[in-house]
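Here's the structure we're looking at; comments come further down.
Since we're looking at a predicted model, the values are computed, not measured. Below, chain A is the first sequence line, B the second, and so on; all start at residue 1. Only heavy atoms go into these numbers, but all of them, side chains included; no hydrogens, no water, no symmetry mates.
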Amino acid sequence: MEQQVRSRIISFIVSNFLFGDESRSPRDDESLLESGILDSTGILELIQFLETDFGIEVADSDTVPDNLGTVANLTRFVLARTADGLPSA
Amino acid sequence: MCGICGLVTGGPPPEMDLLLGMMARLKHRGPDGSGYLRDEGAGLGHTRLAIVDTAGGAQPLSNEDGSLWISFNGEIFNYVELAAELRARGHRFRTASDTEVIVHAWEEWGEQAFNRFNGQWAVALWDRTRRQLVLSRDRLGVRPLYYAHNGDRLVFASEIKALFADPAIPRVLDPVGLNETFTYWSTVAPRTPFTGIQQLEPGHVAIMDADGFRSHPYWSIDFPLRGEEPCQDTQANADALRERLVEASRLRFVRSDVPVGAYLSGGIDSAVTAAVVTRYTDAPLDTFSLRFADAEFDEGRYQQLMAARLGTRHHDVVVSEREIADVFPQVIRHAEAPLLRAAPAPLFLLSRLVRDSGYKVVVTGEGADEVLGGYDIYREARVRQFWTRDPSSEVRGRAAELLYPWMARSPGRAPAFARGFFSQHLDATDPAMSHRPRWQSTAALKNLLTEDARAACSVGAAPDDLIARMPAHSGEWDQLSRAQWLEMTTLLPGYILASQGDRMLMANSVEGRFPFLDAEVVALANMLPARHKLLGLEEKYLLKRAFADVLPREILQRPKQPYRAPDAASFCAPDAPDWVGDITGADAVTSVGLFEPRAVQGLFAKARRNSGRDLGNTDNMRVLAILSTQLLHHLFIAGDGGNSTDSPTTPLTAIDLTRQGQP
């Protein structure tokens, strides 16, 4: 389950922010902001992806780097919000 | 306002065809006539937009004995005063033009002359006796001037396309220029987007003679040390600012022999300049505004409010996304640079409206944000400066949420991330702290480049080379002054006054005049304490205070809306013009070799999913960077920058002093 969530997140990042350039695919603990993958507005696309692809609701108070700042944090955040298992996507 | 071109040579005399070919490519800058001077050592070309002394001001023009010749683009607004001073010193004038004043001023004062000029100029002087060419450009780079060396020749012109009329000049995109553009949004003078093509730096004079080519500043951007600003009194400074801006606007309105109109953007700056110039005419002033079909960008309500208040004869043009896409290839042809914004395109349509309304001169509010502290980047930098002093302060941290309230997709909607973004590279001792977030997010564009192009780009030293050019004492300036220096060295001449200014105006043979860039206004503004410009986070504080009685409260108090146009949305709708698909197709991208074809396909697929809407800032820049760079290559590298309809403007004034030109 964890691996599946992580790979969906990475695949979104690679296609949406890196336009298919897998060589720049982020490491689990690499800051998406500091590596320049996310800009100050790209975060909104990430939120939209989480909401539509995983069916979870992201509140304003959730939009902090501890939840969304790295692939590892994103994976943990999604798993916590979909504790009953992934909605059938 | 005009086009200038020419060459000096140590070899055979300048070829007639080349001189005429260069002039033909500058026809849009001077549709009212043209002229050239040729002798054994040099050629000067000129295309004329007749504004001052429309009857007598034909160029090239010489001094009394024909030893000194001039080709001049621009205006010297204090020419009347200078002419009086020169007459008192025994100089005799044959015309009533500002052009002739430059000739005599050079004879009288040499290089010191340029510091006496209050104006906007690019000028070439040819001294036949000394066989010496002098080039000069105004303080802040309002008027363009490019040059290239080719063996023992120097070729120069108002626009690069005229240099490319010389087939001996190579046409190659400069990877270091691309690196600068994908960092600062434009190249920084003397660099241009083309290898071997340079531009004279603003505030510089260059000499070419038997000793070779050299250039040096006659003026430079400077600020007092923090705390040592000569006048700390707010009201006294507001009064002085008002007085100088009124005089600057007056000069730009009355020093013209043809009618002068005014732009109204809906913001404060153009409202001030238009309000001031209405004082100098009994007839209704004609004002011109840009509107957008998309309400997110439209400022029509404020434009109409101001026009009604001033009682002007108001004209506007409503620009759609499709029109932006339709004119964009022409925009690149005139801008001669990659663009990261579509914003120049509507300005091209606005100057067309001006021309179609019978005007060839407009006064605008350009420059106020740079000179008087109006940009969001200054506010952003002040917030970041607070953080460096107290990084843990929650209250100060929340200040990021105050930034950019105008953006529909504001970072304020994800505050923790906005703070994370703007608090990167926080170093109070970094002279460029203000500009790091912008440069960093812009540099993401380089990830679209092919491996080869990226490697070629990486030889550029941006931004370290720029920071190294900051004056040694700039560390003692206020942080706002350093940010202003960077803005006035990069974006103002490189993009605002060029791609969004001169080029879009001259594309339709319209001259822009900018009271906020008046020499006296800039001199005062650069001496003000930083808090008089940016008070807390309130931008252009002193300007608002100085003209509070002139501006309607709605305009004075509205949140600042930076001028923007729809970017990706103009090019990614299903009905986008064919050229968009043509130049972004895999074959076209591969053959140019700059961008990674798969990345281009991925980006445009993403952009087209929602017709280019709801994209972040970086993706919008990516779309524009690819379109504009591909077009630039198409027009100037694959093509030669010419146009099949190019021909010299008539009537033509021909002065041939070569042996073959003599009867």
Side-chain angles (χ1 to χ4, degrees), chain A residues 8-27 29-54 56-74 76-78 80-81, chain B residues 376 380 397 400-401 403-404 407-425 436-451 454 589 595-607 609-610 614-623 626:
Chain A
R8 277 170 70 183
I9 290 170
I10 291 177
S11 141
F12 170 76
I13 289 171
V14 169
S15 79
N16 196 68
F17 297 115
L18 304 173
F19 311 109
D21 181 358
E22 282 168 0
S23 68
R24 297 184 57 243
S25 181
R27 296 184 316 274
D29 56 350
E30 185 177 354
S31 163
L32 298 176
L33 213 51
E34 280 166 30
S35 60
I37 292 173
L38 277 188
D39 68 1
S40 58
T41 53
I43 184 67
L44 299 173
E45 292 170 18
L46 186 62
I47 293 167
Q48 196 180 20
F49 159 74
L50 297 175
E51 292 187 335
T52 52
D53 270 52
F54 292 104
I56 58 181
E57 201 168 313
V58 183
D60 279 358
S61 56
D62 292 329
T63 61
V64 293
D66 279 351
N67 288 334
L68 314 180
T70 64
V71 170
N73 292 358
L74 279 161
R76 198 167 49 238
F77 176 68
V78 169
R81 291 301 166 93
Chain B
D376 284 330
E380 180 187 301
E401 297 165 43
L403 296 167
Y404 308 113
M407 264 177 78
R409 290 171 63 92
S410 169
R413 280 171 58 191
F417 271 91
R419 188 176 175 187
F421 178 76
F422 289 116
S423 60
Q424 293 179 90
H425 309 292
R436 297 284 181 186
R438 178 197 285 174
W439 293 346
Q440 189 209 350
S441 56
T442 308
L445 297 175
K446 285 183 267 183
N447 295 328
L448 294 166
L449 296 172
T450 59
E451 214 168 299
R454 217 180 304 175
V589 174
F595 296 105
E596 190 58 58
R598 191 175 56 165
V600 173
Q601 304 319 311
L603 172 66
F604 277 82
K606 176 182 178 181
R609 275 203 290 277
N610 198 10
D614 297 330
L615 288 180
N617 179 47
T618 308
D619 282 342
N620 271 302
M621 282 199 294
R622 284 180 173 126
V623 167
I626 290 168

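- Here the options are A:L50, A:L32, A:L33, A:D62, the test is side-chain contact (heavy atoms from CB on, under 4.5 Å), and the partner is A:L68; only A:L50 passes.
- Aromatic ring pairs are classed by plane angle as parallel below 30°, tilted from 30° to 60° and perpendicular above 60°; the pair A:F49 and A:F12 is parallel.
- For chain B, the nearby parts of A:N16 are the backbone and the side chain; heavy atoms of each come within less than 4.5 Å.
- Shown here are the side-chain contact (heavy atoms from CB on, under 4.5 Å) partners of A:N73, two or more places apart in sequence or in another chain: A:T70, A:R76.
- Considering only residues two or more places apart in sequence or on other chains, B:A443 meets the side-chain contact (heavy atoms from CB on, under 4.5 Å) condition with B:K446.
- If you measure heavy-atom distances from A:I37 to chain B, you find no contacts under 4.5 Å at all.
- Interface check for chain B: of the options A:S31, A:G20, A:G36, the most heavy-atom pairs under 4.5 Å are formed by A:G20.
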